[in-house]
Amino acid sequence: MKNIVHFEPLTPQTYQEYIEVGTQAYDQHYLHLWPNEDSSPYIATSFTLSVLKKEERDTNTLLYLIKRNGTVIGILKFTLDACLGSYSEKEALYIDKIYIRKEYSGKGIGKKTLRFVQLRAKKLGKKMIWLDTMQKGPALKFYLKNDFEIYGTSQIQLPTVLEEEKDMYIVVQKLSD
């Protein structure tokens with residue numbers, strides 16, 4: 001079977017799938033950030049019905065289910081207008097979340113997700129895409145391999161994250177015309 005990846009915009013009918021898959025994928029990759037592997041502080045800020053309703057009302061935020069061959073395997077969230085440094089809101093797009101269930105990692109889904117975001121950004125006339133990624137772990141290597149560059153540093157803002165896990169890099173990808 002072909003590896004067909006589809007990005008389905010979130011609707012009220014798919015909120016529950018987004019919550020379930022987003023929570024599962026996050027926990028598969030990021031429990032090590034939390035004392036006692038308790039990710040509930042993050043889940044409460046990202047994967048609840050009230051959070052999704054608020055995010056969906058925000059015209060600057062786009063939410064998608066990532067599907068492979070019809071099966072929901074991950075979630076995508078990005079902010080259309082998000083300034084960074086000398087790049088204005090109109091020039092920069094921010095990727096908030098790309099969470100893919102662990103059993104689908106390493107199968108080209110992340111690369112196809114980045115391509116989807118790149119195409120959307122170019123259509124909107126963006127000059128760059130940016131995101132925050134952990135300084136430790138495989139995500140940084142993935143982004144660098146996919147033409148992102150380290151721009152600066154940041155930290156996870158949730159107070160209960162383990163101190164030694166808070167450091168992040170801001171990575172950017174400049175888009176060609």
Undergrad: Which residue pairs pass the salt bridge (Lys or Arg N to Asp or Glu O under 4.0 Å) test with at least one member in residues 141-160, sequence neighbours excluded?
TA: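 Matches after skipping sequence neighbours: none remain.
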
Undergrad: Check whether any side-chain heavy atom of S176 sits under 4.5 Å from a side-chain heavy atom of K122, and report yes or no.
TA: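 A side-chain contact under 4.5 Å exists here.
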
Undergrad: Going by heavy atoms in the side chains, are Y104 and I66 under 4.5 Å from each other?
TA: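 Counting from C-beta outward, Y104 and I66 never come under 4.5 Å.
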
Undergrad: Hey, does F116 have a side-chain heavy atom less than 4.5 Å from the side chain of L76?
TA: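 Yes, close enough: below the 4.5 Å cut-off.
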
Undergrad: Can you tell me how far the CG atom of D132 sits from the OG1 atom of T153, to the nearest 0.5 Å?
TA: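 Here the interatomic distance stands at 10.0 Å.
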
Undergrad: Show your working on side-chain contact (heavy atoms from CB on, under 4.5 Å) between I129 and F78 and close with a plain yes or no.
TA: CA-CA 10 Å; I129 297 169; F78 57 91; over 6 Å; no

Undergrad: Please report the shortest heavy-atom distance between P9 and T14, naming the atom on each side.
TA: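 Heavy atoms only, the tightest pair is O-OG1, 4.4 Å.
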
Undergrad: Can you get from L119 to L62 by hopping between Ile, Leu, Val, Met, Phe, Trp and Tyr side chains that sit under 4.5 Å apart?
TA: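 Hydrophobic grouping puts L119 apart from L62.
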
Undergrad: Distance from I98 atom CD1 to I109 atom CD1, nearest 0.5 Å?
TA: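 Interatomic distance, I98 CD1 to I109 CD1, rounded to 0.5 Å: 12.0 Å.
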
Undergrad: Side-chain contact test, heavy atoms from C-beta onward, threshold under 4.5 Å: evaluate it for D167 versus Q155 and give yes or no.
TA: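 A side-chain contact exists here, since the closest heavy-atom pair is under 4.5 Å.
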
Undergrad: Spell out, as yes or no, whether a donor-acceptor pair under 3.5 Å connects the side chain of D38 to the backbone of S40.
TA: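 Yes; judged by distance alone, with no hydrogens or angles, the pair exists.
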
Undergrad: Check S46 against V51 and note the closest heavy-atom contact, atom names and distance.
TA: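 Between these two residues, the closest heavy atoms are O-CG1, 3.7 Å.
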
Undergrad: Main chain of L80, side chain of K126: is a donor-acceptor contact present, judged purely on distance under 3.5 Å?
TA: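 Flag set: sc K126 to bb L80 pair under 3.5 Å.
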
Undergrad: Check whether D96 reaches the backbone of T79 with its side chain - one donor and one acceptor, N or O, closer than 3.5 Å.
TA: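 Yes, D96 side chain to T79 backbone: donor-acceptor pair under 3.5 Å.
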
Undergrad: Hey, what do you get for CD1 (I73) to NZ (K107), rounding to the nearest 0.5 Å?
TA: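 Answer rounded to 0.5 Å: 10.0 Å.
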
Undergrad: Apart from M134 itself, which Ile, Leu, Val, Met, Phe, Trp or Tyr residues share its cluster (side-chain heavy atoms under 4.5 Å, direct or through members)?
TA: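 Via sub-4.5 Å side-chain contacts, M134 links to L10, Y15, Y18, I19, V21, Y26, Y30, L33, W34, Y42, I43, F47, L49, L52, L63, L65, V72, I75, Y99, I156, L158, V161, M168.
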
Undergrad: Is there side-chain contact between H32 and K136, with heavy atoms separated by less than 4.5 Å?
TA: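 Result no, sub-4.5 Å side-chain heavy-atom pair not found.
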
Undergrad: Hey, mind stepping through F148 and L114 against side-chain contact (heavy atoms from CB on, under 4.5 Å) and telling me if it holds?
TA: CA-CA 11 Å; F148 281 77; L114 287 179; 4.0 Å; yes

Undergrad: For the atom pair OH (Y94) and CD1 (I170), what is the distance rounded to the nearest 0.5 Å?
TA: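 Going from the OH atom of Y94 to the CD1 atom of I170 covers 8.5 Å.
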
Undergrad: Look only at the side chain of E55 and the backbone of T61, and say whether a donor-acceptor pair between them is shorter than 3.5 Å.
TA: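 No.
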
Undergrad: Between the side chain of N69 and the main-chain N/O of I4, is any donor-acceptor distance below 3.5 Å?
TA: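 Confirmed, N69 side chain pairs with I4 backbone.
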
Undergrad: Report the C-alpha separation of L144 and Y169 in whole Å, then their side-chain angles, then the decisive distance to 0.1 Å, and conclude whether the side-chain contact (heavy atoms from CB on, under 4.5 Å) test is met.
TA: CA-CA 11 Å; L144 294 176; Y169 284 121; over 6 Å; no

Undergrad: With rounding to the nearest 0.5 angstrom, report the NZ to CD distance, K166 to Q157.
TA: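 Between K166 NZ and Q157 CD, I get 7.5 Å after rounding to 0.5 Å.
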
Undergrad: Could you tell me whether the side chain of E91 reaches within less than 4.5 Å of the side chain of M128, counting heavy atoms only?
TA: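 Side chain of M128 against side chain of E91, heavy atoms only: no contact under 4.5 Å found.
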
Undergrad: If every non-hydrogen atom of L131 is compared with every non-hydrogen atom of T133, which pair is closest and at what distance?
TA: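 Nearest pair, atom of L131 first, then T133: CD1-CB, 3.9 Å.
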
Undergrad: When hydrophobic residues are tied together by side-chain contacts of less than 4.5 Å, even through go-betweens, does L162 share a cluster with L140?
TA: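 No, no single cluster joins them.
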
Undergrad: If I take atom NZ from residue K127 and atom CG from residue L84, how far apart are they, to the nearest 0.5 angstrom?
TA: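 That separation rounds to 14.0 Å.
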
Undergrad: Given the rule that I, L, V, M, F, W and Y join up when any side-chain heavy atoms are under 4.5 Å apart, are L124 and Y64 in one cluster?
TA: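 Yes, because L124 and Y64 connect within a single hydrophobic cluster, where side-chain heavy atoms sit under 4.5 Å apart.
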
Undergrad: Where do A92 and C83 come nearest, in terms of heavy atoms and distance?
TA: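 For A92 versus C83, the nearest heavy atoms are CB-CA, 4.4 Å.
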
Undergrad: Using a cut-off of 6.0 Å, state whether more than 12 heavy atoms not belonging to K112 lie near its atom NZ.
TA: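 Yes, because the 6.0 Å sphere around NZ of K112 holds more than 12 heavy atoms from other groups.
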
Undergrad: How about P12 and E56: do any of their side-chain heavy atoms sit closer than 4.5 Å?
TA: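 In contact.
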
Undergrad: Decide yes or no for S105 and Q28: does some side-chain heavy atom of the first lie under 4.5 Å from some side-chain heavy atom of the second?
TA: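 Of all side-chain heavy-atom pairs linking Q28 with S105, none is under 4.5 Å.
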
